[in-house]
Amino acid sequence: MALEHYSTSDNTDMKARTFLVAAQVYKELGMQDISLDYIHKASECVNNISDTWVSYYIYYLWGRLLQDGYDVKSSIEPFESSLLCANKLNDTSLIITSLKELSYSYLANNDTITGIKKLDYALNLALKANSYQDFAPLYGLKAQTYYMLGSYKKALSFIDEALTYNHLFNGSDTISNLNFKGRLLILTNRLDSAEYYIERGRDTTTLAKANLYYSCMGMLREAQGDYKGALEYNKRHSANLLKIAAGIERDKVARLDKQYNTARIERENSELKIKQQQSWLYILAIIIIVVITSFAAYTAYSRRRKQLLDTLRHQSDDINRLQQSAALLMDEKIKASEREMALAARANDKDQELSTSRALIADLKKRLLLNNQVVKKVQETIDAAKRPKANRQPKPLSDAEISEFVAAVNDCYNGFVNALTAQYPSLTDSEIYLCCLIKIGLDNPGLCAVLGISDSALRKRKYRLKSSKFDPVKPFETLDEAIHAIPPFRPYNGNDEAA
């Protein structure tokens with residue numbers, strides 16, 4: 001469905017992605033020809049797509065398909081393109097992978113110099129990036145390179161490096177590398193060591209792995225002069241080759257069967273499309289019938305609509321008369337609104353007069369407080385404390401004067417003392433006196449002068465009072481803040497509870 005949709009779409013990115021996935025699926029199914037066809041279609045879109053990752057995987061899969069099909073020379077160009085994409089992405093792992101495949105293709109194409117250059121570049125990148133998992137296949141490939149060049153000692157040193165990293169990372173190519181080392185040891189006439197490594201690399205779980213073992217053991221027995229043993233291993237090797245060839249033929253038959261199944265599915269899809277087209281024809285016929293019926297219904301509706309319009313014209317005159325009556329009512333409503341606005345303005349003026357009167361009353365209360373004899377005495381005490389110290393301390397207020405002072409503060413500050421004792425009933429007389437002094441605005445020096453105590457003693461006294469009496473109800477930062485937060489006193493009214 002995706003292939004059918006995107007094959008004719010202008011969305012080049014999605015078209016390339018779809019062809020790439022199709023190529024991967026058919027490659028897994030063993031249908032190389034169909035996979036190559038889809039990868040060619042994907043490569044036609046690669047110049048117009050914005051995602052470099054997709055471009056990389058298209059070129060890489062293309063090269064792998066050509067390698068698997070033994071068209072090694074043609075695989076070089078797509079792998080070079082995948083290397084360019086990996087460099088654009090700045091992805092070291094992808095660069096190493098492309099270089100490894102390129103070196104294999106160049107070596108298989110007998111271009112040994114270029115193959116070694118690509119391989120050395122890949123190894124240098126892996127060393128810089130500490131990409132240890134890439135070392136085993138890279139060193140193994142380098143060992144094969146020097147084997148092809150006839151330099152068996154160098155090949156041995158590189159295959160030892162490959163086996164070291166195989167051991168560290170449990171590489172999948174460990175068996176083939178062990179057999180390859182055995183082959184190199186035979187060529188360097190180290191037959192005992194060769195047999196040890198060949199036996200370590202023995203794996204007969206598959207025909208291909210068994211062939212590695214049989215081939216190396218046949219070569220070893222021949223080098224040892226045991227021609228009968230060599231002949232036995234070579235027979236096994238030949239038998240395996242025949243089995244592999246038969247398996248390849250079976251795979252070809254299976255691929256042909258899959259291709260037949262694919263063709264059958266495509267035929268079934270075509271039949272399904274024909275059925276869908278027939279369904280669309282039935283739907284189109286139904287739509288035509290519905291349109292004709294709708295037209296007839298619309299004609300009847302138009303006649304009825306004309307009749308209703310005539311009725312509405314007669315009713316419109318009545319509506320006009322009602323609108324005129326509504327306009328008269330609206331005029332009356334506007335006049336009533338203007339009268340309400342005038343009354344609201346008068347009420348606002350009265351509120352302003354009341355606010356002014358309240359302000360005057362508050363000012364008169366404060367003046368009354370300032371004219372109180374006890375308050376005057378408090379102020380004189382503060383003024384005397386500001387002058388140079390005399391031989392005697394200021395005389396504190398008597399109990400009667402304190403009571404008079406507290407009563408005056410209560411009167412002039414809207415029942416402050418009543419509100420204070422109602423909210424904090426556990427306050428003593430001396431604590432209420434201190435609160436009243438703070439309420440009229442005395443600072444710490446003034447409080448020290450009136451109470452006749454030091455500044456440190458005053459601070460301790462204020463802190464104890466705040467923490468013991470005020471904070472349990474509501475925490476405050478300072479005692480002054482707690483006192484100024486006392487709301488105006490509201491006398492008890494039996495109606496409050498009912499409300």
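Residues: numbered from 1 along the sequence shown. Note: hydrogens, waters and symmetry copies are ignored here, and every other heavy atom, side chains too, is used.
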**OP:** Please lay out, stage by stage, how Asp480 and Thr478 fare under the test side chain to side chain donor-acceptor pair (under 3.5 Å).
**Re:** CA-CA 5 Å; Asp480 296 29; Thr478 63; 5.2 Å; no
Subject >> Check against side chain to side chain contact (heavy atoms under 4.5 Å, CB included), Gln67 and Tyr104 >> reply: CA-CA 9 Å; Gln67 271 188 354; Tyr104 177 82; 3.4 Å; yes
Original post:
Can you check side chain to side chain contact (heavy atoms under 4.5 Å, CB included) on Tyr38 and Val25, steps first, answer last?
Top reply: CA-CA 10 Å; Tyr38 279 116; Val25 170; over 6 Å; no
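For Ser103 (side chain) and Leu119 (main-chain N/O), no donor-acceptor pair under 3.5 Å exists by modelled atom type. Under a 3.5 Å cut-off, the side chain of Lys27 and the backbone N or O of Leu65 do not form any donor-acceptor pair. Checking side-chain atoms of Thr164 against main-chain N and O of Asp160 turns up a donor-acceptor pair under 3.5 Å. Using modelled atom types, no side-chain atom of Gln307 and backbone atom of Arg304 make a donor-acceptor pair closer than 3.5 Å. Panel note: side chain Asn410, backbone Phe416; a donor-acceptor pair is recorded below 3.5 Å. With Asn87 contributing its side chain and Leu83 its backbone, the two residues share a donor-acceptor pair below 3.5 Å. With Asn124 contributing its side chain and Asp120 its backbone, the two residues share a donor-acceptor pair below 3.5 Å. Listed for the His40 side chain is a donor-acceptor partner under 3.5 Å among the backbone atoms of Leu36.
The 12-atom threshold is not exceeded at CG of Asn90, counting heavy atoms of other residues, nucleotides or ligands nearer than 6.0 Å. For Asp429, the CG atom is loosely surrounded, since the number of other residues' heavy atoms within 6.0 Å does not exceed 12. The number of heavy atoms from other shown groups lying within 6.0 Å of NZ (Lys469) is above 12. When the shell of 6.0 Å around CD of Glu77 is examined, it contains 12 or fewer heavy atoms from other residues, nucleotides or ligands.
The shortest side-chain heavy-atom distance between Val409 and Phe405 falls under the 4.5 Å cut-off. Looking at Leu442 and Val378, their side chains come closer than 4.5 Å, going by heavy atoms from C-beta outward. At least one side-chain heavy atom of Leu451 sits less than 4.5 Å from a side-chain heavy atom of Tyr433. Between Leu420 and Leu427 the shortest side-chain heavy-atom distance falls below 4.5 Å. Looking only at side-chain heavy atoms (C-beta outward), Asn444 and Arg459 come within less than 4.5 Å of each other. Looking at Leu99 and Phe79, their side chains never come closer than 4.5 Å, going by heavy atoms from C-beta outward. Using a 4.5 Å heavy-atom threshold, the side chains of Ile96 and Tyr121 count as separate. The side-chain heavy atoms of Lys462 and Ile438, taken from C-beta on, include a pair separated by under 4.5 Å.
Electrostatic pairing of Asp310 and Lys306 does not count as a salt bridge here, judged by no charged N lying under 4.0 Å from a carboxylate O. Here Lys118 pairs with Glu80 in a salt bridge; the nearest charged N to carboxylate O distance falls below 4.0 Å.
When all heavy atoms are compared, the tightest approach of Tyr56 to Ser82 is CD1-O, 3.1 Å. In terms of heavy atoms, Ala42 sits closest to Leu20 at CB-N, 4.2 Å. Minimum interatomic distance between Leu66 and Pro78 (heavy atoms only, all atoms of both residues): CD1-CG, 3.9 Å.
Note on ring orientation: taking the six-membered ring where Trp is involved, the planes of Phe476 and Phe470 are perpendicular (angle over 60°, cut-offs 30° and 60°).
For the residue pair Asp134/Ser131, the side-chain donor-acceptor check at 3.5 Å is satisfied. Side-chain contact, Asp91 with Ser93: no donor N or O sits under 3.5 Å from an acceptor N or O.
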